[in-house]
Number of protein chains: 2
Amino acid sequence: MAKKFTSSLSEEALLLVAGRFAVLGEPMRLRLIQHLFAGEMNVSQLVDATGGTQANVSRHLHTLTAAQIITRRKEGLQVYYRISDPTIPQLCNLVCGSMEQQLTRQASAFGP
Amino acid sequence: MAKKFTSSLSEEALLLVAGRFAVLGEPMRLRLIQHLFAGEMNVSQLVDATGGTQANVSRHLHTLTAAQIITRRKEGLQVYYRISDPTIPQLCNLVCGSMEQQLTRQASAFGP
DNA sequence: TAACTACATGCGTATATACTTATATACTTG
DNA sequence: CAAGTATATAAGTATATACGCATGTAGTTA
C-alpha cells in the first residue's frame, strides 16, 4: 500500500513531491507533455510543435527525463521521447477539471 | 463533462494549469497544505506547526487562497484557513504514490 | 575523412519569487 | 481612547531558473 501524503510525510518526501509539482509548473514543460500525449516524438518534432528553440526544448526534456516523467530512446541521430509515468495524464486531467470547475463557478457568480 | 488536458488544450488553459502546479511546487506551501489536511487551522497555529516566520506563512497562505486551494475564515482576531479544493488530497496522494513507486523501482535495481 | 544533421550543454543575462525586516491594519480589551 | 494581539503587507535582498547564443558531441553520409 502506498504511503499517503495526507497522513503526514517526512520532510524529505515532501521536498520530492514539491519538486515534482515544480517540474510540472513550467508552461513549456507542460506544453511538451501535452504534445507527447499523442505519442512518442523526437526533439525536432517537439521544437516544431511547441515553437520553442532547440536548446530550450532540449533542456526542458532533460528536466522531464530527470524527473522520470518521460523516457529517452535514441534511434540513430534522433532522440525520441515519450511519457513514461502513467500518473501524469491523471494528474493533468485532475488539475484541468478542477480549474474548469473553479472558473465555471466563478462565472456563474455573475448571473444565470 | 470536464475538458481533458490530454486532448489538446488552449494555451490560456495550459498556463492556468501550469500556474496551479507551480503553486503546489513550493515546499512551504505544501507543508501548509499537509498540516491543513488535519483540519482547519489559524495562522499562529500554522506558524508553530511549520516553523516558518509569520510573514512568510501569511504570504504563502495568501498565494494558496488566491489559487482557491484554501479558504479564509475570519473569527475575531484570528484567521482560520482550510482546504477548499477536494482534488488537492487526490493530487498529492497521486504524486506521492508515483514518487514512492519510482524510488522503490530504483532501489530494487540495486538488488533483491 | 570531411561535411552535415540532430541533439545536448556551457555560459551569461534577465526575471521571477522566496524570505527577512519593518511596519501597517484589524480587532479586542482595559 | 490606549495598549495589546493576530494577521497582512511593503520594501529590499538573495537565489533560482528560464531563455538565448554559441559551441560541443554523437551519429550519418558523401
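Please read all numbers here as calculations on a predicted model, not as lab measurements. Here is the naming used below: chain letters follow the sequence lines, and residue numbers restart at 1 for every chain.
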Next item on the list: With sequence neighbours excluded, tell me which residues meet side-chain hydrogen bond (donor to acceptor under 3.5 Å, both in side chains) with R29(A).
Entry: H60(A)
Next item on the list: Measure the distance from CE on M28(B) to P on dT17(C) and round it to the nearest whole Å.
Entry: 18 Å
Checklist line | Value in whole Å for how far the P atom of dT17(D) lies from CD of E26(A) | finding: 9 Å
Checklist line | Position toward the 5' end of DNA chain D (nearest nucleotide), R31(A) or L77(A) | finding: R31(A)
Notebook entry, point to check: Rounded to whole angstroms, how far apart are CD on Q54(B) and P on dT21(C)?
Noted result: 13 Å
Notebook entry, point to check: Within this structure, what is the CG-to-P distance between L61(B) and dT9(D), rounded to whole angstrom?
Noted result: 11 Å
Item checked: d(CG, L15(B); P, dA16(C)) in whole Å -> 14 Å
Next item on the list: Take atom NE2 of H60(B) and atom P of dA18(C), then tell me their distance rounded to the nearest Å.
Entry: 6 Å
Next item on the list: Find which nucleotide of DNA chain D each of T53(A) and K74(A) is nearest to by heavy atoms, and output the residue with the more 5' nucleotide.
Entry: T53(A)
Next item on the list: Using whole Å, report how far CG of L30(B) lies from P of dA18(C).
Entry: 13 Å
Next item on the list: Kindly indicate whether the side chain of L32(A), heavy atoms from C-beta on, has any atom under 4.5 Å from the side chain of I70(A).
Entry: no
Notebook entry, point to check: Do the side chains of V57(B) and Q54(B) get nearer than 4.5 Å, heavy atoms only?
Noted result: no
Notebook entry, point to check: When the distance from OH of Y81(B) to P of dA8(D) is rounded to whole Å, what number comes out?
Noted result: 4 Å
Margin query: With a 4.0 Å limit, can you tell me whether R29(A) has a side-chain N or O closer than that to the phosphate oxygens OP1/OP2 of dA18(D)?
Written below: yes
Check: How far apart are the closest heavy atoms of P27(A) and L14(B), and which atoms are they?
Finding: O-CD2, 3.5 Å
